[in-house]
Amino acid sequence: MAMRIASTNLIVPSSSLISRLSQFSGVMVIRNRRFSFSASKISMSLKAGIVGLPNVGKSTLFNAVVENGKAQAANFPFCTIEPNVGIVAVPDPRLHVLSDLSKSQRVVPASIEFVDIAGLVKGASQGEGLGNKFLTHIRQVDSILQVVRCFEDNDIVHVNGVIDPKSDIDVINLELVFSDLEQIEKRLEKLKKGKAKDSQSKLKEEAEKKALESIQSALMDGRPARSIPLSDFEKDSIKHLSLLTMKPVIYVANVAESDLAAPEENPHVNEVMKLASDLQSGLVTISAQVESELTELPHEERTEYLKSLGVSESVLGNLIRATYSLLGLRTYFTSGEKETKAWTILAGMTAPQAAGVIHSDFEKGFIRAETVSYDDFVAAGSLAVAREKGLLRSEGKDYVVQEGDVMLFRFNV
């Protein structure tokens, strides 16, 4: 035996959009469902794609988020993979508390990868602008952060000449719908040829065909793929297509510095807020201008600067919380002398599944999990004291891991 410390919204289209929807029946109705991941996906760094029309502040936001993420944990290996991709630490003060109590040699936070995707223009699904590149990049992310301009500035020209958040959102959503429709049509044509030979392959093709036909019908009504209830087998059968409208969306309302403390007084924000609520999507209000200014300040001065503006923290924490909430994610910890580490899992995962995020062998050979809540661990001061006080529980295969659990897995391989 071995022990291992793992330690219904109705969107009325604009006249330009109506002309593009004329081939479809009905109106644009969008409903959101919670996105889901497999355990193997959760074990990797999450990817969030920052999208939006040109000149809405998305690149400014990306640069600020990446810089602030670097400052959150000096011992986290910040990495810029490309000019438009950055991996940042997920800020979590609980990590350092646990690390101090366990006298850990290092702290390893969870991470999230932000991708600054090229500005989208109308007609992207037909290859306009950098459309094809834009859409390809979106297929590779887990969630979409759609930056919407909610500020007036005559020095920054809007691509459409007017500040209209709803129109901006419609443009991007419609391009995703058209792109998915085209992809589904091509895939259904291939499936009609029915090349599968064995029975299992035939069953998967039938499931894929059924799922795609249901999604195609929804898209024709303007509803995203994620609004269609599918079985796990059907979801698995279409996973390879990475449909754009399967991605969950968080709207990021970008306001001027003067609106940051009271964004509800901005009529553009109210419009986005209502739309996000109707779509059951996330919403975060930010000021890319302020975030950019923060990066110019020493880390110790940033909190005071934010307080002077009437806000408590930078956008990074808000964005990550919104992403975790939308995707249904939770955090558990492992903590010992070697390291204290945060692990990201899906809400509802059992102890063996959570162990499998660390390594597949942990799940295969799972025996039990010695578990203590974060609050109890801190109150006890150490794992040993928590055990003495009966706060450390022995949990089996059916235990559902809770937010903030500190866990030690026993397994046999």
Side-chain angles (χ1 to χ4, degrees), residues 1-7 39 42-46 66 68-79 86-113 299-300 303 313-314 316-317 320-321 324 329-346 349 351-363 365-395 399 401-411 413:
M1 179 182 297
M3 181 182 74
R4 179 70 177 268
I5 298 179
S7 296
I42 286 298
S43 65
M44 301 168 64
S45 176
L46 292 171
V66 169
N68 285 334
K70 180 182 178 181
Q72 289 292 336
N75 59 347
F76 180 76
F78 169 79
C79 174
I87 297 177
V88 304
V90 173
D92 193 331
R94 295 175 297 181
L95 271 172
H96 298 286
V97 174
L98 291 173
S99 176
D100 289 343
L101 292 176
S102 299
K103 297 179 173 55
S104 303
Q105 296 175 22
R106 64 172 183 164
V107 175
V108 184
S111 65
I112 186 167
E113 183 174 315
H299 188 64
E300 59 274 11
T303 300
E313 66 175 345
S314 71
L316 180 60
I320 290 175
R321 274 198 302 276
Y324 270 50
L329 303 179
R330 300 289 184 270
T331 301
Y332 80 85
F333 305 99
T334 56
S335 186
E337 292 184 2
K338 182 178 179 181
E339 69 177 22
T340 291
K341 187 169 183 176
W343 301 90
T344 302
I345 60 171
L346 280 171
M349 273 189 170
Q353 291 173 320
V357 170
I358 300 175
H359 196 286
S360 59
D361 285 347
F362 281 36
E363 181 173 6
F366 178 88
I367 298 174
R368 65 181 182 273
E370 295 184 7
T371 307
V372 59
S373 71
Y374 169 80
D375 288 339
D376 284 346
F377 187 103
V378 173
S382 71
L383 198 63
V385 175
R387 181 181 287 108
E388 290 173 4
K389 292 186 175 183
L391 300 173
L392 186 66
R393 313 180 308 276
S394 180
E395 302 289 359
Y399 176 70
V401 178
Q402 302 299 303
E403 170 66 31
D405 275 352
V406 183
M407 308 187 77
L408 181 151
F409 296 106
R410 292 184 181 275
F411 66 104
V413 292

- Could you give me the CA-CA distance, side-chain angles and deciding distance for Y332 and T371, then say whether side chain to side chain donor-acceptor pair (under 3.5 Å) is met? CA-CA 10 Å; Y332 80 85; T371 307; over 6 Å; no
- Task: Please lay out, stage by stage, how L346 and L329 fare under the test side chain to side chain contact (heavy atoms under 4.5 Å, CB included).
- Result: CA-CA 5 Å; L346 280 171; L329 303 179; 3.8 Å; yes
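Considering CG of L98 and NZ of K103, their distance stands at 13.0 Å, rounded to 0.5 Å. Rounding to the nearest 0.5 Å gives a distance of 7.0 Å between NZ of K389 and CG of L391. Here CZ of R330 is found 6.5 Å from CD of E403. Values are rounded to the nearest 0.5 Å. Annotation: the span from F409 atom CZ to E370 atom CD amounts to 11.0 Å, rounded to 0.5 Å.
Counting only heavy atoms from C-beta outward, the side chains of V107 and H96 approach each other to under 4.5 Å. Counting heavy atoms from C-beta outward, T331 and R94 have side chains that approach closer than 4.5 Å. Put simply, the side chain of V97 reaches to within 4.5 Å of the side chain of Y374, judged on heavy atoms. No side-chain heavy atom of W343 sits under 4.5 Å from any side-chain heavy atom of M407. Under the 4.5 Å side-chain criterion, counting only non-hydrogen atoms from C-beta, T344 is not in contact with V357.
When atom types are taken as modelled, the side chain of S104 and the backbone of G336 share a donor-acceptor pair closer than 3.5 angstrom. No donor-acceptor pair closer than 3.5 Å links the side chain of S99 to the backbone N or O of L95. Put simply, the side chain of D405 gets close to the backbone of Q402: a donor and an acceptor are under 3.5 Å apart.
A pairwise comparison of heavy atoms in A110 and Y324 identifies CB-OH, 3.9 Å as the closest pair. In this structure, V401 and A354 approach most closely via the heavy-atom pair CG2-CB, 3.7 Å. Residues A351 and F366 share a closest heavy-atom pair of CB-CZ, 3.7 Å. The minimum heavy-atom distance linking P109 with A89 is given by the pair CG-CB, 3.6 Å. Closest of all the heavy-atom pairs between V90 and I320 is CG1-CG2, 3.6 Å. Closest of all the heavy-atom pairs between H359 and D361 is ND1-N, 3.0 Å.
Residues passing the side-chain hydrogen bond (donor to acceptor under 3.5 Å, both in side chains) test with Q105, sequence neighbours excluded: none.
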